[in-house]
Amino acid sequence: MDTLCSLSGLDPLWDWNQTWYTHNPELSNCFQNTVLVWAPCIYLWVLSPFYCLHLYCHGRGRLPLSSLCSAKLVRQTVFYLFKHLSTFCTFWPYSVFVANLFLFFSQNACPVQDASFLSKILFWWFSGLLFKGYRSPLQAEDLWSLREEDTSEKIISDLEEEWTAERTKLQHTSIALGSRLPEQAQFLRKIQKEQSSGFCLLRTLARSFGPYFLTGTLCLMVHDAFMFSVPQVLSLLLGFMKDEDAPLWKGYFYASLMFLLSCLQSIFNHQYTYTCFTVGMRVKTAVMGLVYRKSLVVNSAARRTCTVGEIVNLVSADTQKLMDFVVYFNAVWLAPIEITLCLFFLWQHLGPSALAGIAIVIFIFPLNGFIARKRSKLQEIQMKYMDGRVKLMNEILNGIKILKFYAWEKAFLEQVLGYREKELKTLKKSQILYSVSIASFNSSSFLIAFAMFGVYVLIDDKNVLDAQKIFVSMALINILKTPLSQLPFAMSTTMQALVSLKRLGKFLCQDELKPDNVTRESFKSGERSLVDKHYCNGTFSWSKDGPPCLKRYHYPEIPCGSLVAVVGHVGSGKSSLLSAMLGETEKRSGAVSVKGSSAYVPQQAWIQNASLQDNILFGREKKESWYQRVLEACALLPDLDNLPAGDTTEIGEKGLNLSGGQKQRVSLARAVYRKADVYLLDDPLSAVDAHVGQHIFNKVIGPRGILRDKTRVLVTHGMSFLPQADLILVLVDGEISERGSYQELLNRNGAFADFIHTFASSERKDCFSEASQRGNITVVCVFRHLYYGDTNSITFEPLPDSDENHIQEDLGKLTKVDKARIGRVKLEMYIEYFHTIGLPLIVSIVFLYAFQQAASLSYNYWLSLWADQPVINGTQLNTDLKLGVYGALGFAQGIAIFGTTVAISLGCIIASHHLHLELLNNVLHSPMSFFESTPSGNLLNRFAKEIDAIDNMIPDGLKMMLGYFFKLMEVCIIVLMATPFAAVIILPMAFLYGFIQSFYVATSCQLRRLESVSRSPIYTHLNETVQGASVIRAFNEQSRFIMGVNHKVDHNQTAYFPRFVATRWLGVNLEFLGNGIVLAASILSVMSKGTLSPGMVGLAVSHSLQVTGFLSWIVRSWTDVENNIVSVERVKEYADTPKEAAWSIEGSSLPPSWPQKGTIEFHDYGLQYRKGLELALKGISVHIKEREKIGIVGRTGAGKSSLALGIFRILEAAKGQIYIDGINIAEIGLHDLRSRITIIPQDPVLFSGSLRMNLDPFDAYTDEEVWNALELAHLKNFVSELPDKLNHECSEGGENLSLGQRQLVCLARALLRKTKILVLDEATAALDLETDTLIQSTIRSQFEDCAVLTIAHRLNTIMDYTKVIVMDKGHIVEMDSPSNLIAKRGQFYYMCREAGLL
């Protein structure tokens, strides 16, 4: 090249004397005319093929125009035309309208897709949302829609196939090995499979998201290259300061180069982090989608091992652990490389003394590896306790009505607090270990410097520590701190992620329902049968290894259009038969073939938190005529007349604001509307009144009902329906004992005939038929506003005209949407949080922080003095003293760091304990109306995600924020000590910093709130889906529910995506600001070359290099704290909600044996469900004497259950009083009242735990008393046959017991309590007649000396009672003995005639 330049008559290509060793540097003419000219051309020539390939692959050979770009182009064209053509000047407003119209259709698109290169790398494309958030609080509609590659549909469609293949491969391996291994080896293989499943999931995620993640890794490697270049430039700058003859321009050049390298380092670092968070977001979407889809197909055996609470934890806590893993994973392998490079450069400066630093690193690594392993085990234990706590809270929320009726809140509160205490104890151990880890790593820079400098000066007196050696080494050690501090966190995060992967893999590899459990075929018109049951010794069970629930089945096919009745005792396998037809059970032998579509009505109605209309349509298009016909047939039209908003009225979770009968009718209407070919009806008439049941049978199920041409399999206890069945199956212990038509079974004179003859007098079909033919059945139904119980027809008080429209909009609303607060978190919230920590602890924390930074400032300043000490005869004096002082100050700082982190951890655990306890007390003290209007997902979100954030995120944020704040103060003091003129630059930058911070925090906090609010519906939807999975599968609606959860997850991610982009925007802007301080410190040092010592310059510049990270981390950690203080805000939301009366009253004079007699007096008693509603009970005045047996009857909605609610004070009196044994119940504590009286509720609820715990949670009774109660409840034989007897583990909701068995457990509870007052709220509705008769006889004998109030559907059960109360529209219309009421021929007489008792 030099030859070419000489031939052209130019200077050499490069001349160091002309370019570098001169006071006026310039480039040679040859360089200017060759390299500078040809470099851009070569750049274009080299990259053009790659760019063309990119266009061909992604742009189809052309530059694509986005909708936003097109809109801008059209707008500019219109503006040009209308501005320059005077003819159209009058249409100027129209041009603006047209342009804005184009913009309207693209205004919600994410701007990153159309951003320029510079805007992308600096995140300026995000500024628009920040300005909007600064001007006014952001709303959900202000957020951008997700990019296509971030949507659930795109992510999961690509991932699901790969995961299915991985899972199949894993299962095949397990099956192949498992069959040949002994029992112990198979157990070990099971454990290995759980671990392998986690790695399979990781491998699947890596295949899907790995390539994009690698682009971020490349950015990180480039960032590291620039990071290691900065100390080399610093070395050159300090060399310049020592060289008195060096030209001044070199100092400015080094300062500018340092600034440029720092800026490039910031850009690549944030591009890497942006990529990681994007991948993390996609991983979260993928895992949530996989877990949700799995919950729809998991079989019953696996479902019992995975409760709703555990599944919620998988999609909340475990997905967060995976997101953290994505961000910090690279540190696991890159941090050791960075440490190695740092030590290499230190070797260059200090020689073999750097080995001392390596020894310190070698000591720190095993220590923190050991700590990471211990914390991983503690993390696993903590997650186990957290799972147990959330699972228990989910059950408490689902069974809150039972807890309040039985006054069991304290017992379950203690159980929750037991889990919480263990969880916090484990967390405390983990945090103390983490404090040791933090102290060792934060002190690592001092320990390494102390070891290296100490060895360096002690091995040879001629080794001199000057400014260049000290501060370049310190700069390298400060770089070393980053990987050293990241490594323990990365290792800890990796360990936690492995635990979460194992948990997720275990769930995702659970056994699924087998498609071949039932064969589904399309139905062709003209076929004779719809359900073929080829059971040759057909055997079915609920699990692979469990006992069979159906055995030795062999019977013919079910003809098309027939009505098949299935009867049997409680636990005989009736519901299991329907489950087998749905494919819900494990098929061991035999086969089931169902032709055509199916509809299923479960024994316990599953109702969605949606409008009544949506529950019935269930995703189908509304056909008005058919819809109205279904409502009429299912006796729902009278209900609609009384609902506040008709069929658009919102139904609470699980139908909380409907009665049992109304829920069952809605469930039946959903099935009828479907127009399926096969109907599987699991005792749908048990929860409705007798006359309503007959109406539904005649209009829907029976031979003349709207399903007469459909195949119907009806499980029933109603004897009156059996004569109209085409085929009757009698089940005993999971086997068919008899089958045939009604008349055939009677003629055989078998067990069925004996049973019918015994109970025929209770229900006679001919009387029902008479009643239905008379056509005078009147069904009075009602909307149960804000409670389960029956109420009177509801009317609203007159409202002002101005409020009418507003009320109409919200009339049908029941549940309260989880709304985001707006604006910054109030100062009071911080004060309340820190108040729970305690002032002494806070003062100690601040003092320790100030002390540790004072120690750090002192030893750094001591180093600068050491560096400036003159060298005499090639040595420095008093090196031992200098090293000793330096070491003492450093060790003092390390002890303070440990003390600070422990103090913050303990303080935050104390605060977390108080906040959780306060939340738990607030929720359990809330009235029933609160639970009806608050979705359980909102509450579970508080107890899971928000408490987890308070436990872990706030302490980490506080440690980080306070640590970096005090370090920044130290840097500012040092820079000002070196160059006081820097104050002129630092102060404006501080104002600019505050300006950027205010922009960011306002938007970030609101985004955090929006993200939290949009997360709750995911948990609610998941909870609802898991509980109704069998119904969803029966109706084949899985795809619609999957689309629903996709939409909810995407809605959540629209708030999460701008959240982490906001952090990147902040990081780039603040780090550029920090780089400005580096530039200022360097330039001012160069300008003051003659007056500043190299030691002070080295101290100032090396510390200013850290400002970049400090500024960013302070705001980021402050924002994290503020974002997570939102969790405190959300937890404390329920402190101001209405509460029940006190559970107990101190100093109460209530006798211990109260009530002794059991008398109940109502004095002009009135009750209403909410202000603005008419009284549900009106002027009730009645006296119930001791030992009286009172039957309470009336049409649906007459107010029967409202009496029970009033006695238990579930609802407080609107007027009047209730006296029990002469004591006004309003003047005693709720638990004092509810624990002294007993109810057997309509909906039997069991909790996961032992059977004994479900009977006696307080352990107040002996085993003998418990067994006696079980014997009286006719459960002793069943329980004694269980392997664990009383310790038999009940699954969540008692799903491993039949509904009838659960009802008998509730009876056993009442028999144990044996109080003087017993209320039965339709308690035997789910039992067969024989068991019902046995139970009634038990109640009569065991509660002979008690007052018994029975709310009855079956009138035959109360015909021998002392009195009967007949209610209508909230009034008592009749009250006398049954015989006298029949003689009066009033309402009770006609009800008995309709029930076939006369």
Side-chain angles (χ1 to χ4, degrees), residues 317-318 320-322 324-325 327-340 342 357-386 422-448 450-451 477 480-502 848 852 890-891 893-909 912 948 951-960 962-963:
D318 289 298
Q320 185 62 48
K321 298 291 186 294
L322 290 187
D324 293 340
F325 170 70
V327 175
Y328 292 100
F329 167 69
N330 275 322
V332 174
W333 64 271
L334 197 57
I337 296 173
E338 291 173 347
I339 292 167
T340 304
C342 282
I358 296 173
I360 296 295
V361 172
I362 290 172
F363 166 74
I364 291 174
F365 263 74
L367 172 66
N368 284 275
F370 170 77
I371 290 173
R373 283 194 302 275
K374 291 290 289 182
R375 290 194 70 220
S376 175
K377 290 179 182 176
L378 290 171
Q379 165 77 15
E380 201 165 347
I381 296 169
Q382 185 192 345
M383 290 300 293
K384 176 185 170 185
Y385 291 136
M386 183 180 174
K422 293 174 183 175
E423 184 185 353
L424 290 180
K425 190 175 180 181
T426 309
L427 179 64
K428 190 184 293 183
K429 291 178 182 176
S430 178
Q431 288 292 339
I432 291 172
L433 286 173
Y434 191 44
S435 298
V436 174
S437 182
I438 287 176
S440 66
F441 277 105
N442 283 354
S443 302
S444 59
S445 58
F446 156 74
L447 291 172
I448 293 168
F450 178 69
I477 291 170
L480 186 62
K481 280 177 66 176
T482 302
L484 283 176
S485 61
Q486 281 184 350
L487 194 59
F489 189 74
M491 291 167 66
S492 172
T493 303
T494 302
M495 295 297 178
Q496 290 176 14
L498 290 176
V499 171
S500 295
L501 280 167
K502 179 182 171 183
L848 286 169
Q852 77 182 47
F891 281 110
Q893 184 203 19
I895 294 169
I897 291 172
F898 174 75
T900 304
T901 51
V902 168
I904 289 180
S905 298
L906 294 180
C908 291
I909 286 173
S912 183
D948 185 56
D951 283 349
N952 298 298
M953 306 301 289
I954 291 179
D956 290 346
L958 282 174
K959 290 171 193 172
M960 200 177 296
L962 291 171

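What you see below is based on every heavy atom in this structure, not just the backbone, and it leaves out hydrogens, waters and symmetry mates.
Across every non-hydrogen atom of Leu958 and Cys908, the tightest pair is CD1-SG, 3.8 Å. Pairing each heavy atom of Gly357 with each of Ile448, the nearest pair is CA-CG2, 3.9 Å. What you find for Pro955 and Ile904 is that their closest heavy atoms are O-CG2, 4.0 Å. The minimum heavy-atom distance linking Phe325 with Thr493 is given by the pair N-CG2, 3.4 Å. Closest heavy-atom contact between Lys321 and Ala497: O-CB, 4.1 Å.
A side-chain donor-acceptor contact under 3.5 Å links Gln852 and Thr900. Asp956 and Asn952 form no side-chain donor-acceptor contact under 3.5 Å, judged by distance and modelled atom types alone.
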(request) Decide yes or no on side-chain contact (heavy atoms from CB on, under 4.5 Å) for Tyr328 and Thr494, but give the supporting numbers first. (result) CA-CA 8 Å; Tyr328 292 100; Thr494 302; over 6 Å; no

(request) Step by step, work out the side-chain contact (heavy atoms from CB on, under 4.5 Å) result for Ile360 and Ser444. (result) CA-CA 8 Å; Ile360 296 295; Ser444 59; 5.7 Å; no

(request) Using the side-chain contact (heavy atoms from CB on, under 4.5 Å) rule, take Lys959 and Ser905 through it: C-alpha gap first, then chi angles, then the decisive distance, then the call. (result) CA-CA 9 Å; Lys959 290 171 193 172; Ser905 298; 2.9 Å; yes

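Residues Val499 and Ser376 meet the side-chain proximity criterion, which asks for heavy atoms closer than 4.5 Å. Taking the side chain as every heavy atom from C-beta outward, Leu447 and Phe891 approach each other to under 4.5 Å. Contact check for Gln382 versus Gln379: side-chain heavy atoms found under the 4.5 Å cut-off. Between Leu501 and Asp318, the closest side-chain pair of non-hydrogen atoms is not below 4.5 Å. Contact of the Ile897 side chain with the Ser443 side chain is registered, since non-hydrogen atoms from C-beta on lie closer than 4.5 Å. Side chains of Lys502 and Glu380 form a contact here, defined as non-hydrogen atoms less than 4.5 Å apart. Annotation: side chain of Tyr385 is in contact with side chain of Thr426 (closest heavy-atom distance under 4.5 Å).
Rounded to the nearest 0.5 angstrom, Leu424 CG and Leu906 CG are separated by 11.5 Å. With rounding to the nearest 0.5 angstrom, the NZ atom of Lys428 is 13.0 Å from the CD atom of Glu423. Once rounded to the nearest 0.5 Å, the distance linking CE of Met491 with CD1 of Ile371 reads 9.5 Å. Interatomic distance, CG of Asp948 versus CE of Met383, reported as 7.0 Å (0.5 Å rounding). Put simply, NZ on Lys377 and NZ on Lys374 are 6.0 Å apart, with the number rounded to the nearest 0.5 Å. In this structure, the separation between CG on Asp951 and CD1 on Ile909 is 8.0 Å, given to the nearest 0.5 Å.
A donor-acceptor pair is defined here as one N or O able to donate and one able to accept, closer than 3.5 Å; such a pair exists between the side chain of Ser500 and the backbone of Gln496. The backbone N or O of Pro336 lies less than 3.5 Å from a partner atom in the side chain of Thr340, making a donor-acceptor pair. Put simply, the side chain of Ser440 gets close to the backbone of Ser437: a donor and an acceptor are under 3.5 Å apart.
Classified by interplanar angle (parallel below 30°, tilted 30° to 60°, perpendicular above 60°), the ring pair Phe450/Phe446 is parallel.
Within 6.0 Å of CE on Met953 lie no more than 12 heavy atoms contributed by other residues, nucleotides or ligands.
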